[in-house]
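Have a look at the structure below before the remarks.
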Amino acid sequence: MAGKGFTRNFRPLQILSEEEVEAIHRATLEVLWVTGVRMEHEMALKLLEKNGCSVDYDEMRVRIPQGLVEDCLRTTPSSFHAQTRDHKNSLMIGGNTLCLAVAPGTQTVDMDTWEPRPATRKENYDGVTVLDALPTVHFFSPYTPYFGFESVPPCMAMLESLAARIRNSTKFQCVGFSNDSELFAIKMAQTVGIEILGTCAIAPPLSFYRDAVESAFRFVEAGLPMRIIGGQVMGGTAPATIAGGIVTNNAEVIAGLVLVQLIRPGTRVLIKDFSASVNMRSGAPAFGGIEICLHNAASNQIFQKYGVPLDDTTAYPNAKMPDYQSSYEKAFRVFTAGLSGANTLLYHGSVHGELTHHPIQAILDDDSASMVERFMGGIAVSDETLAVDLINEVGPIPGHFLDKEHTRKWWKLEQFMPKAADRLTYPEWMNTGKKTCLDYARERMEEILAIHKPTPLTPSQEEDVERILEEARNYYKERGLITEEEMVTYRASMKSPNYPYE
Amino acid sequence: MSTKVLEEIKKAILTYNREGAASWARKAVKEKISPIEALDAMTVAIRQVGDGFGKGELWLPDLVGAAAAMTAAMPIIEEEIKRVGAKRESVGTVVIGTVCGDIHTIGKTMVATMLTADGFAVNDLGINVTAESFVKGITENKADILAMSALMTTTAPEQRKVIENLKKESLRDKVKIMVGGGAITQDFADSIGADGYDPTAPGAVKLARRLVGK
């Protein structure tokens with residue numbers, strides 16, 4: 001069901017032994033106490049010192065003792081409710097539930113050449129509409145579907161993206177931070193009466209930049225839930241070994257968790273294990289690697305023990321278009337998340353790394369996500385499903401099950417019916433133009449755009465959103481982050497026929 | 001003896017040995033071996049690593065490891081070049097760095113290493129480099145090329161700011177500017193008035209050669 005996530009009806013994969021989990025926990029505590037983390041924020045350092053940490057103000061280094069770590073893990077809720085403007089889309093994050101979200105892209109791709117190009121304003125809004133319609137998209141991550149769109153100055157990308165999502169979807173929203181954008185994002189959420197998931201992004205190894213800490217204070221003091229994101233690249237900003245990567249990532253995200261629990265005990269937290277390996281040819285993160293699945297599976301197990309909800313590494317493929325490679329890279333990720341007990345995963349729409357996104361990919365991902373939902377549902381075992389009486393009644397050939405009431409009742413519950421996958425026979429396939437899942441996905445996109453009408457904001461909410469956007473534009477213009485020239489193009493783009501509420 | 005020392009410097013770089021590279025560089029100075037010859041030996045070694053990387057035989061940790069070994073030896077040899085007043089031949093002088101607000105280092109280091117391997121004199125200002133530091137670096141090193149990296153859409157505009165600063169300091173016409181990084185496109189490079197853009201490290205070397213007319 002839309003908005004509620006997938007329920008896992010079996011024990012999650014335990015990829016580590018209990019001794020291994022304990023070894024990782026002890027190693028994490030050692031790193032937090034011996035080396036600690038660099039946190040470039042005096043108020044945060046003072047708060048941590050007051051609560052028993054050892055602080056070196058010259059190095060901006062904080063060393064966190066075991067007792068405090070364990071206290072803060074205890075005050076963190078093991079699951080939490082996230083309020084949206086349409087209650088049916090509100091979420092309960094944690095426990096045995098997996099909620100999927102949109103995976104962003106800097107740009108869109110051209111449907112004929114599959115080459116990247118900036119999205120237009122209309123494509124961004126249409127993208128949100130498609131994602132609003134897809135039942136397996138439970139929430140939106142920051143700057144989705146695109147990091148920005150044509151004519152929007154970079155400093156406004158985060159806020160224009162949030163405004164588009166609030167306008168065109170009633171699903172739960174997550175936001176990032178950049179140049180104080182969180183101040184306006186919080187205001188926008190408050191005025192519409194929704195909650196948003198804030199972000200504190202760590203700079204591995206073991207560092208927190210001032211902006212990340214400042215935004216954490218702002219989100220937490222506004223009473224909002226927080227996502228604390230690692231972001232290590234194993235072999236680059238973390239050890240090349242998966243176990244070593246888990247230790248540094250743990251130390252980083254737990255330092256963030258301690259901070260937000262001290263700012264406001266009981267703050268709702270979603271930890272993100274955002275880990276990948278370095279592509280040792282290009283230096284870019286190798287997002288499609290299977291080792292990410294191992295890292296995530298272990299982190300899921302560890303955070304289940306801690307009792308803190310976990311978000312797996314965003315399912316970015318290395319492929320450049322929805323093809324065979326893209327399918328297996330993404331499928332391994334979502335399947336591992338389902339098997340090993342992740343609570344959230346950014347999944348839908350990413351085409352190549354963080355660089356591109358497309359709604360057609362999101363429609364294909366809706367299919368594979370539904371398959372995982374079905375798998376997580378597990379196997380119903382009861383007298384009725386064991387069907388012993390029926391088996392005895394039908395007996396050997398020429399007996400069969402196709403005409404039985406039991407079959408009519410159960411097959412639709414047991415089988416998942418894909419919406420985009422091709423399941424035709426060869427003759428049917430040849431006679432209908434040899435269509436592939438891409439063709440079906442394109443048809444579904446056109447159908448959604450023709451019939452799906454997202455629930456609009458009320459006129460006064462709309463006015464408020466636009467007023468806050470305008471405040472932000474003026475704020476950035478005064479600070480020189482939007483030039484006169486950019487402002488002219490930006491304003492012109494709002495008057496174009498693509499502007500969504502002309 | 002001079003041949004042995006030069007061979008050892010090369011070997012240290014080829015085995016990613018920082019301490020070894022620095023120690024053999026000091027030995028070269030002590031034994032009054034021509035610092036230009038020592039620099040040549042280092043360049044030969046780093047070129048060999050660059051070629052290996054280009055052929056797919058070596059990987060990023062090898063390239064970065066060799067660059068680190070060379071960087072450990074470089075100040076010792078550079079100081080000696082200055083002391084004896086020797087003239088260092090290079091294809092051109094490059095000042096390189098990742099822009100302010102951005103701490104991504106790998107792509108920038110790859111480009112710096114491959115430019116060095118190709119015979120450029122490279123001054124790597126590191127990461128999170130302010131516009132003022134770029135200006136200072138260009139002036140102090142009499143750079144032919146400024147190379148800037150930005151990995152994030154939020155830090156890409158900083159490249160424009162650096163170029164504006166160079167204009168204010170009347171330095172823009174004295175230096176060729178090349179830009180790169182995950183957030184950069186040819187259109188963006190054109191819009192900020194850069195002289196060139198390339199998405200890959202080997203491409204950046206070709207671009208640098210073109211910009212200095214070699």
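These numbers come from a predicted model, not from an experiment. The chains referred to below are lettered A, B, ... by the order of the sequence lines, with proteins before strands, and numbering in each begins at 1.
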- Note on the structure: From the list B:Gly56, B:Gly101, B:Ala201, the residue making the most non-hydrogen contacts under 4.5 Å with chain A is B:Gly56

- With a 4.5 angstrom heavy-atom cut-off, could you sort out which part of A:Val233 is near chain B: side chain, backbone, both or neither? neither

- Message: Using 0.5 Å steps for rounding, measure from the CE atom of A:Met280 to the CG atom of B:Asp62.
- Response: 9.0 Å

- Counting a contact as any heavy-atom pair under 4.5 Å apart, which residues of residues 152-165 of chain A contact chain B? A:Pro154

- Task: Tell me, please, which residues at least two apart from B:Ser133 pass side chain to side chain donor-acceptor pair (under 3.5 Å).
- Result: B:Thr130

- Query: Which atoms of A:Asn179 come close to chain B, meaning under 4.5 Å heavy atom to heavy atom: side chain ones, backbone ones, both, or neither?
  - Reply: neither

- chain B heavy atoms under 4.5 Å from A:Ser282: which part of the residue, side chain, backbone, both or neither? backbone

- Message: Can you confirm whether more than 12 heavy atoms, excluding those of A:Gln325, are under 6.0 Å from its CD atom?
- Response: yes

- Message: Within a 6.0 Å radius of atom CD on B:Gln186, are there more than 12 heavy atoms belonging to other residues, nucleotides or ligands?
- Response: yes

- Measuring from A:Thr237:OG1 to B:Ile106:CD1, what's the distance to the nearest 0.5 Å? 7.5 Å

- B:Leu58 portion near chain A, given a 4.5 angstrom heavy-atom threshold: backbone

- What distance separates B:Thr185 OG1 from A:Arg117 CZ, expressed to the nearest 0.5 Å? 14.0 Å

- Item | Shortest non-hydrogen contact between B:Met110 and A:Arg281, atoms and distance | CE-O, 3.7 Å

- Task: Would you name the heavy atoms of A:Val278 and B:Leu60 that are closest together and state the gap between them?
- Result: CG1-CD2, 4.2 Å

